[in-house]
Amino acid sequence: MTTDRVRIAPSPTGPLHIGTARTALFNYLHARHTGGTFILRLEDTDVARSSIAYEKDILDGLHWLGLRWDEGPEVAGEAARGPYAPYRQMGRLPLYAEAADRLLAEDKAYPCYCTAEELDAERRRLEAERRPPRYGGRCARLTADERAAFEAEGHRPALRFRVGEGSVVIDDIVRGRVEIDVANLGGDFVIVRADGTPLYHFTVVVDDAAMRITHVIRGEDHLSNTPKHVLLFRALGHEPPAFAHLPLILNPDRTKISKRKSQTAIGDYRAEGFIQEALVNYLALLGWSTGTEEEVLSLDELVERFDLRAVNKAGAVFDRERLEWLNGQWIRRLEPDDLIGRLRPFLEDQLAAGRIDRLPEEGELRALLPVIQERLPRLGRIGDLVGFLWVDELHVDPADLVPKRWDRPTTVDGLRAARETLAAVGEVSWEADEIEPPLRALAEARGWKAGDLFMAVRVAVTGRRETPPLFDTLVALGLRRTLERLGTAADLLSLEALSGT
RNA sequence: GCCCCCAUCGUCUAGAGGCCUAGGACGCCACCCUUUCAAGGUGGAGAUCAGGGGUUCGAAUCCCCUUGGGGGCACCA
C-alpha cells in the first residue's frame with residue numbers, strides 16, 4: 001500500500017512568507033491526516049536571490065509553527081532525512097542535467113540561441129500588437145548545421161521544451177476539472193538557462209517525480225502553469241501527481257497578499273507576540289473550515305478534521321483583527337509556566353530597549369498571571385500592560401493625574417490621604433483584600449467616589465489610566481514603591497499648581 | 001491582450017434543491033458585570049445569497065449569459 005507523499009518547496013529568496021506557511025500547513029495537515037509523508041525541499045536554483053539567512057528563517061519558522069517534516073535537507077550539522085536526498089535543488093543538479101539530456105536526445109527539447117534582446121524585442125512587438133506574449137519558435141527547427149554555426153560563434157544555448165499541441169486536463173482536488181489548451185502556454189518554454197542552471201518548472205517536475213510526490217498542494221497562482229508540469233511529467237515518462245490548488249491569501253484590496261500591502265513575514269508576527277497555536281489555527285481557517293462551528297482548534301485537532309476536499313475556492317482576505325482575537329484565545333489557554341517562559345524573551349527585549357530597568361523574577365511574574373493573562377492580545381504587549389512595575393523612575397503626565405470629577409487640590413489631597421492610609425496597612429498586610437477596605441473607607445469618609453480616588457492612585461503609581469485591577473497592581477508594586485510614587489505624584493501636582501500652570 | 005480561476009453580512013465562513021423569513025465567528029453598537037482596562041454574559045445593527053435568464057412544484061444551492069474581482073502568461077519561484 002502506498003501512502004500519500006506531499007511536500008513544501010520554498011525558495012530561500014526571502015523570509016518565511018505567510019503564504020508559504022499556509023501552504024506548508026495544508027500539506028502537513030493532509031500528510032498527518034492521511035498517515036502520509038511530509039517532505040521539505042529547498043528550491044535554491046535562483047542563486048542570485050537565495051541566501052542562507054533566508055533559508056534559516058524559513059526552517060526556523062516552520063519549526064516554530066510545529067510543522068515537522070519527515071524528509072528534508074541536512075541542517076545545522078544534522079544529516080538529511082529521507083531516501084531521496086539531497087533535498088536542496090543545488091545539490092541535485094546532475095539529476096536535472098540527466099533529465100535534460102534525455103529530453104534533448106528524444107527531441108522533446110531543443111537548444112535555443114535567441115538572445116535576451118531578441119526575446120525582449122519579440123515580447124514588446126507582440127505587446128504592441130495587443131497579442132499575448134509567447135515564444136515564436138525561432139530555434140525550434142534549427143538544422144544541425146545552423147546549431148553548429150551558433151556554437152562556433154560562441155553562443156551558449158538555453159534549452160526549450162516542446163509544448164506541442166492539444167490540451168491538458170487537470171482534475172484538481174479543490175477546483176475540479178480544468179482544461180487548458182497548450183496553445184495558451186506562451187510557446188515552448190525554457191527549462192535550462194544558457195548558463196546550464198535549470199529553471200523552476202523543470203526542477204519541480206524532476207524532483208516531484210524523483211521523490212514520488214503523490215499530491216501537489218500549492219497556491220492557486222500555480223494553476224495556470226500546471227499544464228507545463230503535466231507535459232513535463234509525461235515527457236519524462238511519469239504519471240503526474242494529483243493537484244490541489246489552494247485559494248490565495250489576499251491583501252485587504254483583494255489582490256494576492258504582498259509585502260507592500262500587508263505584513264507577510266511569519267517572523268514579524270512572531271516578534272509581535274503572536275503565538276504559534278494562534279497562527280496555525282488562523283491560517284488553517286483561511287480557505288478551509290471544519291463545516292462545524294468549532295474554530296479554536298489545536299494543530300492536532302486540525303489534523304484530525306482536515307480534508308482537502310473541503311477547501312474553498314475563493315481567495316481569503318487576511319484579517320489581522322481576527323488573528324488577534326484567536327491569539328488572545330490561545331494565550332488564555334496557556335499553562336502558567338508555559339506563558340512565563342514565552343513572555344521571557346519579550347521582557348528581555350523591553351529591557352534591551354530601555355523600556356524597563358530590570359527583569360521580574362519568576363515568582364513575581366507568576367503572581368501577576370491571573371490579572372495579565374486575559375489582558376494580553378499579544379505577548380509583545382507585556383511592557384505596555386505592566387512595564388511600570390519594573391521601571392525605576394516613573395513618568396507621569398500631571399494632566400492624567402486628575403480624575404474627571406476632581407480638581408487639582410482634591411487630587412493632591414486624595415493622593416496624600418491614600419498614601420497615609422496605605423502606609424497604615426503596612427508591609428505584613430500588603431494584600432489586595434487588605435488594601436481595598438481602608439481605601440474605600442477613606443473615600444467614604446471624605447465624600448469621594450471610590451472610583452475617583454482609585455483612578456488618581458492608579459495613575460500616580462502606574463502612569464496610565466488603563467491597568468490591571470488596582471489592588472493587585474499595588475501588591476505587585478510593593479508597599480515601599482507605592483508610597484514613594486504616591487508621594488512623588490502629589491508633590492508633582494502641587495508644584496505644578498504653584499508654578500501656576 | 002490571451003488563457004485560467006472565483007463570486008453568501010465590512011472580514012473569515014456554514015450552506016452540497018425544500019430544515020434558510022440564510023446560521024456561526026471577528027469587528028462594530030448597546031446593556032449586564034465592574035475601581036480603569038480587559039475577559040465573560042446578553043441583545044442588536046449588518047447579506048434583496050453580484051445581476052439577468054433558464055431547469056424545477058420548489059433554488060444561495062443545478063445550467064447559461066452578463067458584470068465584477070483575482071491569478072497566470074520570464075533564461076523568477
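Quick note: numbers below take in every heavy atom, side chains included, and nothing from hydrogens, waters or symmetry partners. Numbered from 1 within each chain, the chains take letters A, B, ... in sequence-line order.
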Test W69(A) against every option in L59(A), I39(A), I8(A) by the side chain to side chain contact (heavy atoms under 4.5 Å, CB included) rule and name the one that passes.
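By the side chain to side chain contact (heavy atoms under 4.5 Å, CB included) criterion, W69(A) pairs with just one of L59(A), I39(A), I8(A): L59(A).
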Tell me, please, which residues at least two apart from E272(A) pass side-chain contact (heavy atoms from CB on, under 4.5 Å).
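Once residues adjacent in sequence are excluded, the partners of E272(A) under the side-chain contact (heavy atoms from CB on, under 4.5 Å) criterion are Q263(A), Y269(A), F274(A), R320(A), R378(A).
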Euclidean distance, atom [atom1] of residue [X] to atom [atom2] of [N] [Å, nearest integer]:
| X | N | atom1 | atom2 | answer |
| --- | --- | --- | --- | --- |
| E293(A) | rG15(B) | CD | C1' | 12 Å |
| N312(A) | rA16(B) | CG | C1' | 13 Å |
| E294(A) | rG24(B) | CD | P | 16 Å |
| L159(A) | rA74(B) | CG | P | 17 Å |
| D253(A) | rG69(B) | CG | C1' | 11 Å |
| W288(A) | rA14(B) | CH2 | C1' | 13 Å |

Side chain of [X] only, please: which of [options] is the nearest?
| X | options | result |
| --- | --- | --- |
| A194(A) | rC75(B), rC2(B), rC12(B) | rC75(B) |
| L248(A) | rU13(B), rU35(B), rG71(B) | rG71(B) |
| R254(A) | rU35(B), rC5(B), rU11(B) | rU11(B) |
| R123(A) | rC37(B), rC12(B), rA74(B) | rA74(B) |
| R175(A) | rA77(B), rC5(B), rU35(B) | rC5(B) |
| Q329(A) | rC26(B), rG70(B), rG40(B) | rG40(B) |
| R332(A) | rC75(B), rA39(B), rC3(B) | rA39(B) |
| R375(A) | rA38(B), rC12(B), rC75(B) | rA38(B) |
| F471(A) | rU35(B), rC26(B), rG71(B) | rU35(B) |
| E220(A) | rU36(B), rC5(B), rG1(B) | rC5(B) |

Checking all strands, does [X] fall into the base, sugar-phosphate, or nothing category for heavy-atom contacts under 4.0 angstrom?
| X | answer |
| --- | --- |
| L470(A) | base |
| P247(A) | nothing |
| T45(A) | sugar-phosphate |
| Q373(A) | nothing |
| N225(A) | base |
| R160(A) | sugar-phosphate |

Judged by each residue's nearest nucleotide on RNA chain B, which is more toward the 5′ side, T467(A) or V317(A)?
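Its nearest nucleotide being more 5', the pick is V317(A).
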Want to settle it: does N184(A) or L119(A) sit nearer the 5' end of RNA chain B, counting the closest nucleotide to each?
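Result: N184(A).
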Spell out yes or no: do the side chain of [X] and the base of [N] have one donor N/O and one acceptor N/O closer than 3.5 Å?
| X | N | result |
| --- | --- | --- |
| T255(A) | rG70(B) | no |
| R322(A) | rA25(B) | yes |
| R131(A) | rC2(B) | no |

Any strand: nucleotide that pairs with [N] via Watson-Crick or wobble, under 3.5 Å:
| N | answer |
| --- | --- |
| rU35(B) | none |
| rG27(B) | none |
| rC73(B) | rG1(B) |

Determine, stepwise, if the pair H201(A) / H229(A) fulfils side chain to side chain donor-acceptor pair (under 3.5 Å).
CA-CA 6 Å; H201(A) 293 307; H229(A) 303 167; 2.8 Å; yes
Closer than 4.0 angstrom, basic N to acidic O: yes or no for R156(A) and E151(A)?
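Result for this pair is yes, salt bridge flagged.
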Check R446(A) with D413(A), please: is the shortest side-chain N to carboxylate O separation under 4.0 Å?
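Salt bridge present between D413(A) and R446(A).
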Decide side chain to side chain donor-acceptor pair (under 3.5 Å) for T115(A) and H155(A); before the verdict, give the C-alpha distance in whole Å, the side-chain angles of both, and the deciding distance to 0.1 Å.
CA-CA 9 Å; T115(A) 63; H155(A) 282 98; over 6 Å; no
Pair R193(A), T197(A) - check side chain to side chain donor-acceptor pair (under 3.5 Å), show working.
CA-CA 5 Å; R193(A) 295 182 181 91; T197(A) 55; 2.9 Å; yes
